[in-house]
Structures are given as structure tokens and as C-alpha cells.
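First the proteins, then the strands, lettered A, B, ... as listed; each starts at 1. We use all heavy atoms of the structure for the numbers below, so side chains are in, but hydrogens, waters and symmetry mates are not.
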There are 2 protein chains.
Amino acid sequence: MKYKKSAGQNAKERILDVSEKLFAEGSFASVSVRTVTSAANVNLSAVNYYFGSKKGLFQAVYIRRATLMNHERLGLLQKAVGKAQQEGRSVSVRELINAMLTPPIFWLYEEEKGLSGYIRFLARAYLEAASDMENVLSQEVDVFDKFVPYFQEVNPSLSVEDIYWRIHFIMGVMHHTINHLDRIGLLSHTACSVETREQTRDRMVAFCCEGF
Amino acid sequence: MKYKKSAGQNAKERILDVSEKLFAEGSFASVSVRTVTSAANVNLSAVNYYFGSKKGLFQAVYIRRATLMNHERLGLLQKAVGKAQQEGRSVSVRELINAMLTPPIFWLYEEEKGLSGYIRFLARAYLEAASDMENVLSQEVDVFDKFVPYFQEVNPSLSVEDIYWRIHFIMGVMHHTINHLDRIGLLSHTACSVETREQTRDRMVAFCCEGF
DNA sequence: CTTCTTTCTAAACGTATGTTTTAAACGATA
DNA sequence: TATCGTTTAAAACATACGTTTAGAAAGAAG
């Protein structure tokens with residue numbers, strides 16, 4: 001009853017890899033199924049065979065790594081919480097924002113495993129028609145919800161409304177950096193050069209910490 | 001030699017109005033010429049007649065109000081500079097950021113004149129293929145360049161690199177708010193409700209000031 | 001009215017799109 | 001080897017796309 005599917009698995013994964021990259025660089029409508037299949041060296045009908053439809057492919061690209069990144073974020077959060085408890089203090093704003101921003105920014109620099117493509121894909125998916133991609137939004141929202149109580153704890157004077165607004169701004173800093181990191185040299189007339197992922201992350205964390 | 005063109009002007013403007021809105025809500029590729037023309041109640045060929053091509057229409061939408069907003073920004077900058085000179089001090093960070101953010105955010109709330117559509121159109125145009133829309137980017141970049149010396153003056157310890165990174169983050173806060181203002185209620189589980197344009201602007205300015 | 005330019009309309013062109021269909025090729029099991 | 005589920009392949013389908021064309025309608029100028 002068990003079939004090897006070795007070639008099939010490869011084709012399926014190859015399609016996912018390729019479309020992740022293509023959807024990261026262009027909108028859903030601007031990337032055609034034919035572009036995907038020819039780039040992945042598979043037959044045209046493979047997309048519909050494996051994913052039912054173009055939209056199905058898009059969602060499959062999203063789902064493939066959806067849980068992974070948020071797991072990383074929650075992992076960092078847990079780690080910070082544990083360390084703070086051990087030292088008998090509450091989690092700092094810096095630790096919280098660090099946990100929110102480190103995974104996506106580190107992924108952004110991880111060209112090799114395709115994580116960079118996924119993170120850019122995600123940032124773009126946010127701008128696709130809301131009706132089709134509500135799950136994309138809600139998943140990340142759910143994770144950020146878990147951060148709210150800690151923000152409240154470290155700064156009780158802030159209302160829940162204030163906190164969500166600040167989280168919203170942090171997401172802005174994050175998404176914009178993901179979308180335009182490669183153009184920051186152009187923006188600054190080469191005043192800003194390529195940095196390590198840590199340097200970029202630290203710049204963002206510093207900016208957002210003060211904003212909070 | 002002079003022709004009235006009254007109906008023509010109306011049709012042309014109507015096309016621009018409609019496509020501004022449509023391009024604000026969907027990507028370039030996802031908005032078809034037929035959708036535009038039928039929404040504008042004009043003949044299908046009107047787009048090619050007036051603008052040469054679909055891309056020509058897109059750029060026309062951009063150009064129509066491009067100078068206006070940056071004029072507003074520079075006006076606010078000049079005003080702040082004049083006031084500061086009169087009071088014998090240098091321009092504050094708050095005044096600078098205020099001049100950068102007030103025009104786009106106020107426009108965002110200006111549903112009536114279509115300015116809201118334009119500002120959302122602009123934010124989306126940033127994500128279109130860079131090769132086609134480089135002028136969109138460069139125009140705003142040119143304006144922000146004019147702010148750099150003042151940021152340096154008020155905070156001489158910052159390098160040009162630092163300043164551009166912060167401007168980049170401010171643009172992130174701005175773009176994200178433009179793109180997702182209507183979804184902030186969803187993000188916050190209705191903790192955040194609709195605010196006045198001044199309230200939203202002040203939140204953004206406050207966050208970015210501290211970040212700077 | 002006639003003339004000429006501009007604007008609008010309807011139809012068609014050629015191509016690109018997502019999807020479906022048909023059958024061949026493959027791989028493991030029996 | 002024969003069988004059956006799975007995967008690949010080629011072709012066709014129907015539709016949607018951006019663009020072009022040819023001509024009608026409208027309006028100002030002579």
C-alpha cells in the first residue's frame with residue numbers, strides 16, 4: 001500500500017520552493033501558473049494535480065512554514081520569560097520585541113534554505129485581498145496576542161489599546177524592512193550598506209524599544 | 001483651435017479616479033482594464049486612448065498628485081524651520097517627523113476628494129516591480145533627503161547612516177498604517193477603534209520620535 | 001453647411017490565463 | 001508478469017486579458 005512517491009515529493013517540493021520565491025517577488029495575480037511550472041521543471045498540470053488550484057498552491061506555500069516561525073517566536077518568548085523568572089524580575093520590553101523580530105529578520109538573511117523567500121512571501125501576502133488571506137493575518141495576530149500580557153506587566157500604565165497600536169507600529173517596521181531591505185542602499189544613496197542580520201535586528205529592536 | 005473636451009476631461013478624470021481606488025485595493029496585475037473602464041462607465045478602449053497603455057494609466061494615477069503631497073510635506077518643513085529660526089532654536093525631531101507624517105495620514109482620512117485612495121495607491125505602488133516603478137520610489141526619497149540635514153543638526157551624534165535607517169523605519173510605520181488602518185480593529189480584537197486623523201498621527205509621531 | 005479635430009463606440013485581434021481531460025509512464029505489490 | 005494506485009505528459013478548453021482598428025458621433029472653426 002505504501003508507494004515511494006520519491007519523484008512526486010520532489011516535484012511537489014520543487015513547486016513550493018519555486019512559487020515561494022516567485023510569490024515573494026510579485027503579486028499573486030502577476031505570477032502565472034506557467035511561470036511556476038516551467039521554473040520548477042514540472043508539467044503545467046502539476047499545480048492543479050497537487051494543490052487543486054493556483055490559490056491552493058498559494059495557501060500551501062503559506063502553510064508549509066507557518067507554524068515554524070511562530071514556534072520560534074514563542075520559543076524566544078518562553079526563554080526570556082524563564083530567564084526573567086530566574087532572576088526574579090519581569091520580562092523587559094527589549095526581550096519581548098527581540099523575540100518578535102529576531103525570527104523573521106534572521107530568516108530574511110537565510111537565503112540558503114529558502115527562508116528568506118518565505119518571509120518575503122509572507123510580508124507580501126499581507127497585502128493580498130483580505131478576503132482570500134485572512135488566515136495569514138490571523139495566525140500572526142494570535143502569536144502577538146500572547147505578548148500583550150507581558151507588555152502590560154512591564155508597563156502597567158499602558159492601556160491594551162496603546163499596546164496594540166505599538167505592536168502595529170512594530171509590525172510596520174518589520175514588514176517594511178522585509179520588503180525593502182535590498183533597497184535601503186538606494187534610499188540612503190549608499191550611506192547604508194549591507195549589514196549582518198544581528199546589526200539589522202539590533203537597529204530595529206532599538207528603534208522599537210524607544211517607541212514603546 | 002481650442003476644443004472644449006468637456007466630456008473627454010470628465011471621462012479621463014473619471015478613469016483616474018476609479019483606477020486610483022482600484023489600484024489602491026489590488027495589485028497592478030489583479031486590476032484589469034475592463035474592470036476599470038466598466039467601473040468608470042467608459043468604453044474599453046478609453047484607457048489606451050487616453051493613457052496609451054495600462055502601465056501608462058498606472059503612472060498617470062501616480063503623477064496626478066505626486067507633487068502635491070511632497071509640496072505639503074516641504075511646506076510643513078519650511079513652516080517649522082521658520083518658526084524655529086524665529087525662536088532662535090533648531091527644529092525639533094517632533095516637528096520634522098510631524099512634517100513627514102501629517103500629509104499622508106491626513107490624506108488617508110480624506111475619503112471625499114479621493115486622497116485616501118491615492119495614498120493607499122502610493123503605498124501599494126512601493127511593492128510593485130521595482131523596475132517599473134522606480135520613479136515612485138525616487139520621488140519620495142528626494143523629499144526625505146531634504147530632512148536629513150535637520151536631523152543631523154538636532155542630533156549631531158548620529159551618523160548619516162543612522163539617520164537613514166531611522167527614516168526607513170518611519171516609512172515602515174507610515175506604510176503599514178496606510179495599508180492596514182482598517183484592519184487594526186481586527187488585530188486588536190476591537191481594543192483599537194477608529195480614531196481621528198490627529199489621534200492616529202500623534203500616535204505615530206510619538207512612537208517615531210522616541211525611536212529616533 | 002462644410003471641414004476638421006477630437007472623442008466615443010463596437011468589434012475584433014492575438015495572446016495569455018487557469019483549469020480539465022486523456023492517456024501514457026512509473027513503481028510497488030501480489 | 002499482471003495489477004493497481006500514483007505520477008507525469010501533452011493537448012485542448014473556455015475564458016480573460018491588453019491592445020488595435022475602423023468608423024460613428026460630437027463639436028468647434030471656417
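Spacing between atom NZ of B:Lys12 and atom P of C:dC8 amounts to 11 Å, rounded to whole angstrom units. Atom CZ in B:Arg34 sits about 12 Å away from atom C1' in D:dT20, given to the nearest Å. Taking atom CG on A:Asn10 and atom P on C:dG27, their separation rounds to 12 Å, with Å as the unit. The distance from atom CD of B:Glu13 to atom C1' of C:dT7 is 16 Å, rounded to the nearest whole Å. Note: CG (A:Asn41) to P (D:dA9) measures 9 Å, nearest angstrom. Between the P atom of D:dA12 and the CG atom of A:Leu44 lies a distance of 14 Å, rounded to the nearest Å. Atom pair B:Phe51:CZ and C:dT7:P shows a separation of 12 Å (rounding to whole Å applied).
Relative to the side chain of B:Val33, the nucleotides C:dG18, D:dT19, D:dT21 differ in distance, and D:dT19 lies closest. Listed nucleotides C:dC8, D:dT19, C:dT9 differ in distance to B:Ala11; the shortest reach to its side chain belongs to C:dC8. Taking the side chain of B:Ser53 as heavy atoms from C-beta on, and the options C:dT17, D:dT8, D:dT19, the nearest nucleotide is D:dT19. In the set C:dC8, D:dT20, C:dT20, D:dT20 carries the atom at the smallest distance from any side-chain atom of B:Ser45. Residue A:Asn43 has its side chain nearest to D:dA10 when only C:dA11, D:dC17, D:dA10 are considered. When each of C:dA10, D:dT8, D:dT19 is scored by its nearest atom to the side-chain atoms of B:Asn48, the top-ranked nucleotide is D:dT19.
Side-chain contact check for B:His176 versus A:Val173: every heavy-atom pair is 4.5 Å or farther apart. Side-chain contact check for A:Arg201 versus A:Asn98: some heavy-atom pair is nearer than 4.5 Å. At least one side-chain heavy atom of A:His189 sits less than 4.5 Å from a side-chain heavy atom of B:Tyr164. B:His180 has its side chain out of reach of B:Leu187: every pair of non-hydrogen atoms, C-beta onward, lies at least 4.5 Å apart.
In this model, a donor atom of one side chain and an acceptor atom of the other lie less than 3.5 Å apart for A:Glu140 and A:Tyr126.
Using a 4.0 Å heavy-atom criterion, one finds that A:Val36 contacts no nucleic acid atom at all.
When the nearest nucleotides of DNA chain C are assigned to A:Gly52 and A:Ser32 by heavy-atom distance, the more 5′-ward of the two goes with A:Ser32.
Side-chain nitrogen and oxygen atoms of B:Tyr49 include none within less than 4.0 Å of the OP1 or OP2 phosphate oxygen of D:dT20.
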